[in-house]
Amino acid sequence: MRLKDDNDEEEGPKTMSHCSIGHLQPEKSFVIVGYALTSKKVESFLKPKLEGLARNKGILFVAIDQNRPLSDQGPFDIVLHKLTGKEWRQILEEYRRTHPEVTVLDPPDAIQHLHNRQSMLQCVADMNLSDTYGKVGVPRQLVIKRDSSSIPDAVTKAGLILPLVAKPLVADGSAKSHELSLAYDEYSLQKLEPPLVLQEFVNHGGVLFKVYIVGEAIKVVRRFSLPDVTKRELSKNAGVFRFPRVSCAAASADDADLDPSVAELPPRPLLERLAKELRRRLVVF
Ligand SMILES: Nc1ncnc2c1ncn2[C@@H]1O[C@H](COP(=O)(O)OP(=O)(O)OP(=O)(O)O)[C@@H](O)[C@H]1O
Ligand SMILES: O=P(O)(O)O[C@H]1[C@H](O)[C@@H](O)[C@H](OP(=O)(O)O)[C@@H](OP(=O)(O)O)[C@H]1O
């Protein structure tokens with residue numbers, strides 16, 4: 001796409017934010033990314049540094065005005081969004097139909113099953129990656145849709161071993177969807193609020209790896225995580241404990257002096273196969 005400078009009479013993006021067209025070199029080609037994000041996401045993601053880097057690479061971020069028809073805005077090369085709701089979904093589907101030349105990241109139907117922690121992990125569970133470079137699996141888990149009083153029985157029947165990590169079933173980016181708890185004893189499980197996923201706690205040395213995948217690009221970071229739970233701790237503790245965003249960006253362990261047994265990154269070939277397989281199964285970028 002060609003974007004002309006301010007003096008140009010031709011149509012340019014009308015809702016451009018955080019950038020001034022006047023500073024752009026005339027006749028330079030830019031990829032225009034229209035974004036529809038919550039204000040929280042704009043704050044955490046669209047940092048001046050990212051915008052500067054993007055601009056140097058010929059990428060411009062332009063805010064989509066949610067109060068105006070999407071088709072009246074742009075033109076965009078890419079629509080980047082992280083909003084939920086039926087209405088927004090319909091707007092995007094209609095836009096994709098009428099603007100097949102625009103890449104929508106990602107199409108609503110493709111991300112639908114990522115909004116639910118059960119379906120989100122299903123394709124990982126279905127993956128049958130050979131054990132050449134390491135195993136990929138999902139912790140044993142149980143979905144509770146309703147009735148908190150039924151949880152202790154359901155856990156016993158499923159044979160899940162305590163402690164359990166309780167996660168809201170819906171993963172829609174809301175603060176509530178990130179509220180996780182750790183349940184140490186069976187009795188306290190009744191205090192949890194369905195719908196949720198109960199997962200066996202997997203000891204992992206207090207460090208985890210976050211793997212970011214965009215297209216062919218893979219980036220792995222180390223983050224501090226919950227410490228291992230020992231048998232002694234399990235026998236001492238009871239109750240349900242809410243825990244905060246333990247492995248957030250501020251908990252980076254990239255430069256920490258870690259025991260090599262927990263610090264070693266997953267083998268690259270495993271990540272590549274995992275990334276390829278996930279993209280194929282999820283049909284997302
Ligand atoms: N089964 C588990 N066993 C041990 N620790 C776990 C387990 N599941 C989650 N955790 C811990 O809880 C943290 C958050 O888990 P998870 O990523 O599932 O939630 P989230 O709300 O999607 O978080 P984020 O959006 O930050 O990735 C992990 O970083 C890890 O420290
Ligand atoms: O900063 P990292 O470690 O990559 O963790 C991200 C989570 O994985 C995302 O799920 C968060 O986005 P949502 O809150 O929209 O789900 C995302 O929220 P944010 O974009 O508001 O920071 C992050 O918390």
Side-chain angles (χ1 to χ4, degrees), residues 35-47 49-51 61 80-85 88 105-106 108 111-122 124-125 135-144 155 158 160-184 189 192-193 195-214 217-230 233-234 237 240-254 256 258 262 266 278 282 284:
Y35 64 87
L37 303 168
T38 57
S39 47
K40 171 206 154 208
K41 189 66 71 189
V42 171
E43 208 173 297
S44 65
F45 165 72
L46 265 186
K47 306 266 191 204
K49 194 174 168 188
L50 173 72
E51 287 194 291
F61 287 102
L80 176 69
H81 71 108
K82 194 163 183 190
L83 297 176
T84 50
W88 174 246
L105 288 177
D106 278 292
I111 54 181
Q112 195 55 21
H113 52 295
L114 294 173
H115 290 161
N116 174 303
R117 291 192 196 263
Q118 184 182 26
S119 49
M120 182 204 290
L121 288 180
Q122 195 50 52
V124 180
K135 280 189 189 151
V136 174
V138 176
R140 293 210 310 147
Q141 65 180 36
L142 175 66
V143 175
I144 306 284
V155 166
L160 291 192
I161 295 169
L162 292 153
L164 299 176
V165 182
K167 309 183 182 188
L169 184 58
V170 174
D172 59 0
S174 61
K176 189 148 182 63
S177 70
H178 289 295
E179 279 176 8
L180 271 50
S181 333
L182 191 55
Y184 281 101
L189 292 170
L192 295 167
E193 279 175 45
L196 43 83
V197 173
L198 292 172
Q199 245 175 36
E200 283 186 348
F201 186 93
V202 179
N203 279 343
H204 52 283
V207 174
L208 62 70
F209 307 106
K210 274 207 168 195
V211 183
Y212 297 87
I213 303 163
V214 179
I218 304 174
K219 166 87 181 154
V220 193
V221 296
R222 273 189 207 94
R223 296 276 171 86
F224 286 110
S225 178
L226 293 175
D228 288 352
V229 178
T230 61
E233 264 167 332
L234 189 55
N237 290 326
V240 170
F241 297 89
R242 285 250 169 103
F243 60 89
R245 305 286 292 276
V246 270
S247 306
C248 60
S252 171
D254 279 333
L258 299 167
V262 293
L278 281 175
L282 293 169
V284 291

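Just so you know, residue 1 is the first one in the sequence shown, and it goes up from there. Each ligand, and each atom within it, is numbered from 1 in the order the structure gives.
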- By ring-ring contact (aromatic ring centres under 6.0 Å, His included), which residues pair with F224, not counting sequence neighbours? none

- Message: Test of understanding: with side-chain contact (heavy atoms from CB on, under 4.5 Å), list the residues that count as partners of A171, not counting sequence neighbours.
- Response: R117, M120

- N/O of H204 under 3.5 Å from N/O of ligand 1, yes or no? no

- Item | Closest protein heavy atom (residue, atom, distance) for atom 31 (O) of ligand 1 | S225 OG, 2.5 Å

- Query: If you count the atoms of ligand 1 from 1 in the order shown, which ones are under 4.0 Å from a heavy atom of L208?
  - Reply: 28 (C), 29 (O), 30 (C), 31 (O)

- Taking only residues two or more places apart in sequence, or in another chain, which ones meet P227 in a side-chain contact (heavy atoms from CB on, under 4.5 Å)? none

- Atoms of ligand 1 under 4.0 Å from any heavy atom of S247, numbered from 1 in the order shown, are 28 (C), 29 (O), 31 (O)

- Item | Option of least heavy-atom distance to atom 15 (O) of ligand 1 (set: L198, V229, L180) | L180

- Query: Is there a donor-acceptor contact under 3.5 Å from the side chain of H81 to the main chain of D106?
  - Reply: yes

- Just to confirm, does any protein heavy atom lie below 4.0 Å from atom 10 (N) of ligand 1? no

- Best match, V246, V197, V202: closest heavy atom to atom 3 (N) of ligand 1: V202

- Message: Is it the case that ligand 1 has an N or O less than 3.5 angstrom from some N or O of S177?
- Response: no

- Query: Is any side-chain heavy atom of L169 closer than 4.5 Å to a side-chain heavy atom of Q118?
  - Reply: yes

- Query: Between V143 and P195, is any pair of side-chain heavy atoms under 4.5 Å apart?
  - Reply: no

- Item | Min heavy-atom dist E179 to ligand 1 below 4.0 Å | no

- Task: Please report the closest heavy-atom contact between V165 and F243, naming both atoms and the distance.
- Result: CG1-CZ, 3.9 Å

- Note on the structure: Min over K167, H178, Q141 of heavy-atom distance to atom 25 (O) of ligand 1 lands on H178

- For E193, does the CD atom have more than 12 heavy-atom neighbours from other residues, nucleotides or ligands under 6.0 Å away? no

- Item | Non-hydrogen atom of P139 closer than 4.0 Å to ligand 1 | yes

- min-distance protein heavy atom vs atom 22 (O) of ligand 1 -> R117 NH1, 3.2 Å

- Message: To the nearest 0.5 Å, what is the distance between CG on L198 and OG on S181?
- Response: 9.5 Å

- Message: With rounding to the nearest 0.5 angstrom, report the CZ to CG distance, F45 to L80.
- Response: 5.5 Å

- Query: Is any heavy atom of the protein nearer than 4.0 Å to atom 17 (O) of ligand 1?
  - Reply: no

- Query: Counting heavy atoms only, which part of R223 comes closer than 4.0 Å to ligand 1: side chain, backbone, both or neither?
  - Reply: neither

- Every residue of the protein that comes under 4.0 Å of ligand 2, judged on heavy atoms: K40, K41, S44, K82, G173, H178, K210, Y212, R223, R245, S247

